[in-house]
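Just below is one structure, and these are the notes that go with it.
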Protein chains: 2
Amino acid sequence: MELAAGKLKFIEAWGKLGSEWGINRTMAQVHALLLISPEAITTEDIMEQLSISRGNTNMTVRDLIGWGLVEKQHKAGERKEYFFADKDVWNIARQVAKERKKRELEPVLKILSELSSVTGEEKDPEFKTFQKSVSDINKLAKSVDKTMEAMLKADQNWFLNSILKVFKP
Amino acid sequence: MELAAGKLKFIEAWGKLGSEWGINRTMAQVHALLLISPEAITTEDIMEQLSISRGNTNMTVRDLIGWGLVEKQHKAGERKEYFFADKDVWNIARQVAKERKKRELEPVLKILSELSSVTGEEKDPEFKTFQKSVSDINKLAKSVDKTMEAMLKADQNWFLNSILKVFKP
DNA sequence: GTTGATGTTTAAACAAATCTAAATTTTTAA
DNA sequence: TTAAAAATTTAGATTTGTTTAAACATCAAC
């Protein structure tokens with residue numbers, strides 16, 4: 001396959017994967033484009049290459065910056081803004097984990113802890129099942145939270161090696 | 001908080017979490033309802049409790065069965081079908097991991113391997129960046145794939161203990 | 001200040017995902 | 001068989017999410 005076709009395929013695949021995981025398709029595509037761009041590129045570049053509007057590009061890029069995946073660059077003597085993506089996949093994974101932990105996991109942990117104190121008849125099967133499910137999910141969620149925390153602190157080799165070591169003793 | 005309010009809150013939270021992770025909100029809500037139901041329940045029960053149509057209930061429940069999270073039960077002398085959710089959170093996590101691996105991770109791995117053989121000018125920065133990004137993502141994706149595979153084989157205590165042990169020596 | 005280039009916001013158009021209502025099929029029991 | 005109960009399918013309505021176009025704001029150079 002030629003480079004040009006490969007790029008398109010990569011952008012498409014990244015967009016699809018993103019949308020399957022609750023990330024706006026266009027945002028994932030812009031990220032993909034930035035991932036394979038050796039130099040920082042402009043809004044115009046993104047608009048052209050992905051055929052999307054200026055407004056969409058602007059909002060999407062700012063979202064990506066909000067996720068900590070992309071940064072602005074300024075070139076001396078130019079008003080235009082340039083955008084550049086961190087290409088270290090380990091940083092990317094950590095950044096995404098960090099944001100999802102903050103945006104999704106933590107709110108759920110909060111609700112689960114509120115739900116732990118729901119009152120009811122001890123004998124009521126409805127109540128017992130509710131309590132059990134909430135408590136089990138709570139425990140798992142806390143484990144996940146801790147694992148993510150460790151991941152955020154760790155460096156890649158240490159983390160992956162530790163994980164992989166566990167699986168082939 | 002009272003049980004009734006707790007149930008609603010749980011269903012709502014589960015639905016929200018699902019939709020943030022690319023799972024249809026209603027499907028997550030039906031799953032939540034089943035998770036806190038001590039006994040198998042009918043289509044009618046689901047329709048009533050979540051105020052959704054029969055058709056929607058039917059499709060959603062079949063999806064959940066397709067994900068391996070819910071099963072049909074037949075009661076002697078009744079035509080009606082009853083539905084019951086596995087309440088073991090470890091099984092649930094594994095089941096979801098298994099399906100997402102199959103539905104999303106594996107197709108991506110396939111595309112990445114195709115993209116590994118894209119041809120181009122060795123000196124071209126565009127080509128070099130493309131190759132590097134694809135290859136790095138490929139490596140990470142393979143690690144994730146292996147980790148999931150291990151998770152699918154492992155039992156909960158072994159897995160979680162192994163993970164947690166790594167993080168507090 | 002004015003102009004043109006760029007960045008930002010937002011109302012409305014558009015697209016995609018979801019849901020319903022109703023038609024259809026299947027099943028079971030009389 | 002037939003009837004009625006339940007399950008399934010699907011066309012279209014509805015809702016939600018996304019994108020655009022255009023108005024507006026900001027900035028830098030003249």
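The chains referred to below are lettered A, B, ... by the order of the sequence lines, with proteins before strands, and numbering in each begins at 1.
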OP1, OP2 of C:dG7 versus side-chain N and O of A:T43: anything below 4.0 Å?
-> yes
N or O in side chain of A:T26 less than 4.0 angstrom from D:dT19 OP1/OP2: yes
Atom CG of A:L50 and atom P of D:dT18 are separated, to the nearest Å, by 16 Å
Taken to the nearest whole Å, CE/A:M59 to C1'/D:dT20 is 11 Å
- Query: Within a strict 4.5 Å, meaning less than it, do heavy atoms of the A:K101 and A:L152 side chains meet?
  - Reply: yes
In whole angstroms, the gap separating C1' of D:dA6 from CD of B:E48 amounts to 16 Å
Protein-proximity profile, nucleotides 22-30 of chain D, B/S/- by nucleotide at the 4.0 Å heavy-atom cutoff, equals ----BBS--
Rounded to whole Å, NZ of B:K75 lies from P of D:dA7 at a distance of 13 Å
Side chains of A:I92 and A:L69: closer than 4.5 Å at any heavy-atom pair? yes
Inset, instruction - Select base, sugar-phosphate, or nothing to describe what A:S51 touches, counting heavy atoms under 4.0 Å on all strands. - result: sugar-phosphate
note: A:D63, atom CG; C:dT9, atom P; distance rounded to Å ~ 12 Å
B:N58 CG to C:dT25 C1', in whole Å, measures 12 Å
Rounded to whole Å, the CG-C1' distance (B:N56 to D:dT10) equals 14 Å
Side-chain contact, heavy-atom cut-off 4.5 Å: A:R25 with A:K16? yes
Rounded to whole Å, the NE2-P distance (A:H74 to C:dT6) equals 14 Å
_Donor-acceptor check, side chain of B:S133 to backbone of A:L35, threshold 3.5 angstrom: yes or no?_
yes
query: Under the 6.0 Å and 45° cation-pi test, does A:K7 pair with B:F130?
result: no
Among the nucleotides D:dT19, C:dT9, D:dA7, whichever has the atom closest to the side chain of A:N24 is D:dT19
- Message: Could you check whether any side-chain heavy atom of A:D124 comes within less than 4.5 Å of a side-chain heavy atom of B:L3, counting everything from C-beta outward?
- Response: yes
**Prompt:** B:T42 near the nucleic acid: base, sugar-phosphate alone, or nothing, with a heavy-atom cut-off under 4.0 Å?
**Reply:** nothing
Distance col, row A:E71:CD vs A:E81:CD, nearest 0.5 angstrom, shows 12.5 Å
5'-most contact on DNA chain C (nearest-nucleotide basis), A:R25 vs A:E81, goes to A:E81
